[in-house]
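Here is the structure we will look at.
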Amino acid sequence: MTDTTSTGLVSPKQIILYNAQILTMNGQRRVFARGSITVEGDRIKAIGRWDGMTPEKRPGCEIIDLQGKWVLPGLINTHVHQSQQLARGLADDVDLLTWLRDRIWPYESSMDEEDSYVSSLMCGMEQIRSGVTAFAEAGGQHVNGMGRAVTELGLRARLAQSSMDVGEGLPDGWVKSADRVLEEQIGHFERWHGQADGRIDVWFGLRTIFNNSDELILRTKELADRYGTGIHMHVAEARSEVEFARQTRGATTVTHLNRLGVLDGNLLAVHTVWLTDDEIGMFADHDVKVSHNPASAMRVLGFAKIPEMRAAGVCVGLGTDGAPTNNRMTLIDDMWVASLIHKGRLLDSTAMPAEDVLEMATCDGARALLWDHEIGSLEAGKKADLIIVDPNTITMLPMHDAVANLVSSMRAENVQSVMVDGRWLMRERVLLTVDEQAIIREASERAAALARRAGITLPQRFLRVD
């Protein structure tokens, strides 16, 4: 007996994975050295120690011997710009203002919905190949394009629109009245929230305090509470931002948001590089969630106080940010970077141990996206979002400390298979929900056309001879 999913795939009624090493990331952080998982429909029916016997084959049941491979919860990317995927490589080695005004704003303002759709497909394919099963979109201009892509890919997502009602130097049409901004977001909520078999939810987006009036911030908070959803906002990401807030609002970004009363458990604050110790305490007191994007932040923003936040009880997830700030939309790489940079910043080799990084990429990422009741750990009753990791490569072996290797040595190519909602999105490194090569071809053509329309020309780094 089979069921046809919204992605067009046909899935068995039941899937049994056995003879596996299972990292559950549950409350006890339990690890099964020889374990099994039974998936029924879109949920985990059972998980535990394998009894050594080959499961009995039944009609409608797929039985897979994993031969000692690892099973982990799907990784959770807490901050992504899907629509920026076609801009990979357009903004390297430039300062922040050049990055924004000469590269990214012209690029994004030249996009249409189809560009955003193809960009989102490209981004999603890279997410799947690197073990990400759920992500939070920071907000582009074309939520419909993003929603279409997520539906086809089979991923789980919190989508948002990039919202701005004030600001200088922005492209034409980006600055809208607070009324229109909120009206558009309510429309996206009504169109997409709960779609794709419940895999898509819609949050309210606030770009930055540079581009959001206090009126918009307060009304966004009011609406997010009313609709029972979250807010995705870049917060205290740049030194210039906190100085701007001090000059225009009379206090730094976080302190001002605290005075407004919008610090709360449904706020996902991204980057949070320029926080004082007192402001870390404000986050902890109000259960504000944080998205740490280590590779992106190192380019032009700085080093967030992540070990200090975790010590204070702040929930911190990991994010890649967009392709033009990171180039590697692979959360596995950000796990490795996160494990290193705080050791260097604090001159403390014990800072950010591997188990902390794995929590940020799984169970704490789920908490940050307000999805921990469904995903982030492998437990009976939770959604069947999982990945299979094959450690048998020269880059991961030997494994004296498996948890350390999963953080420091794993590569995207070690992710063998990916499941969301009990459906395989990738099996044996083959994507099953979309035509990968066709998307790559179209994305390459659209990326070149977008750069031309945006008038972006890059300096020649070396002497070129045609």
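Fair warning: this is a prediction, and the values are worked out from it, not measured in the lab. Position 1 is the first residue of the sequence; numbering continues from there.
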- Task: Take atom CZ of R328 as the centre, draw a 6.0 Å sphere, and report whether it contains more than 12 heavy atoms from other residues, nucleotides or ligands.
- Result: no

- Message: For the CH2 atom on W336, are there more than 12 heavy atoms of other groups (residues, nucleotides or ligands in this structure) within a distance under 6.0 Å?
- Response: no

Min side-chain heavy-atom separation [X]-[Y] under 4.5 Å:
X	Y	result
P307	L346	yes
I209	H256	yes
R156	K383	yes
W192	R148	yes
E114	S116	no
I76	L369	yes
T320	V80	yes
F135	T78	no

Check [Y] with [X], please: is the shortest side-chain N to carboxylate O separation under 4.0 Å?
X	Y	result
E243	R239	no
D92	R299	yes
E413	R129	no
R446	E442	yes
R101	D95	no

- Message: Applying side-chain contact (heavy atoms from CB on, under 4.5 Å) to E184 and Q161, what does each step give before you reach the verdict?
- Response: CA-CA 9 Å; E184 288 180 351; Q161 179 179 340; 2.8 Å; yes

- Task: Begin from the C-alpha positions of L155 and I128 and carry the test side-chain contact (heavy atoms from CB on, under 4.5 Å) through to its verdict.
- Result: CA-CA 8 Å; L155 286 164; I128 293 169; 3.7 Å; yes

If we count only N and O atoms by modelled type, under 3.5 Å, do the side chains of [X] and [Y] hold a donor and an acceptor together?
X	Y	answer
T330	S130	no
Y117	E152	yes
T208	N211	yes
E428	S417	no
T252	R246	no
E379	S377	yes
H142	D115	no
E108	Q141	no

- Message: In this structure, is the centre-to-centre distance between the rings of H79 and H232 below 6.0 Å?
- Response: yes

Could you give the distance from [atom1] ([X]) to [atom2] ([Y]), rounded to the nearest 0.5 Å?
X	Y	atom1	atom2	value
N414	R411	CG	CZ	7.5 Å
T325	D321	OG1	CG	3.5 Å
D435	L121	CG	CG	10.5 Å
S409	I332	OG	CD1	11.5 Å
L90	I456	CG	CD1	5.0 Å
L331	T133	CG	OG1	10.0 Å

- Test log, rule side chain to side chain donor-acceptor pair (under 3.5 Å), inputs T151 and Q195: CA-CA 8 Å; T151 301; Q195 293 300 304; over 6 Å; no

- Identify whether NZ of Lys or CZ of Arg in R427 sits under 6.0 Å from the centre of the six-membered ring of W424 and within 45° of that ring's axis. yes

- Parallel, tilted or perpendicular: which describes the rings of H342 and H292, with under 30° parallel and over 60° perpendicular? tilted

- Which class fits the ring pair F189 and F204: parallel under 30°, tilted 30 to 60°, perpendicular over 60°? parallel

Once side chain to side chain contact (heavy atoms under 4.5 Å, CB included) is applied, do any residues pair with [X], and if so which ones, sequence neighbours excluded?
X	result
A323	Q85, R88, M329
A449	R452, R453
S213	D165, V166, E215, L216

- Message: According to salt bridge (charged side-chain N to carboxylate O under 4.0 Å, His left out), who are the partners of D334, at least two apart in sequence or on a separate chain?
- Response: none

Closer than 3.5 angstrom, by distance alone: can the side chain of [X] be matched with the main-chain N or O of [Y] as a donor-acceptor pair?
X	Y	value
E241	E237	yes
T272	A269	no
D385	I375	no

If every non-hydrogen atom of [X] is compared with every non-hydrogen atom of [Y], which pair is closest and at what distance?
X	Y	answer
A238	L96	CB-CD2, 4.1 Å
A368	G317	CB-N, 4.5 Å
G139	H81	O-ND1, 4.1 Å

- Message: Quick one, N266 with D225, criterion side chain to side chain donor-acceptor pair (under 3.5 Å). Give me CA distance, side-chain angles, the key distance, then yes/no.
- Response: CA-CA 8 Å; N266 65 345; D225 290 347; 2.9 Å; yes

- Apply the test side chain to side chain donor-acceptor pair (under 3.5 Å) to residues T229 and D201: give CA-CA distance (whole Å), side-chain angles for both, the deciding distance (0.1 Å), then the verdict. CA-CA 8 Å; T229 193; D201 281 349; over 6 Å; no

- Tell me, which pairs form a salt bridge (Lys or Arg N to Asp or Glu O under 4.0 Å) where one or both residues lie in residues 360-378, sequence neighbours left out? R43-E374, R310-D364, D364-R367

- For residues 337-346, pull every pair meeting salt bridge (Lys or Arg N to Asp or Glu O under 4.0 Å), keeping only residues two or more places apart or in separate chains. E308-R345

- Criterion side chain to side chain contact (heavy atoms under 4.5 Å, CB included) against K221, the qualifying member of I231, L257, L260, L263: I231

- side chain to side chain contact (heavy atoms under 4.5 Å, CB included), paired with I280, selected from T276, D278, D277: D277

- Yes or no on side-chain contact (heavy atoms from CB on, under 4.5 Å) for I388 and W70, after CA distance, side-chain angles and deciding distance? CA-CA 6 Å; I388 297 171; W70 282 88; over 6 Å; no

- Going through the checks in order, is the side-chain contact (heavy atoms from CB on, under 4.5 Å) test met by R207 and S163? CA-CA 6 Å; R207 190 71 174 210; S163 299; over 6 Å; no

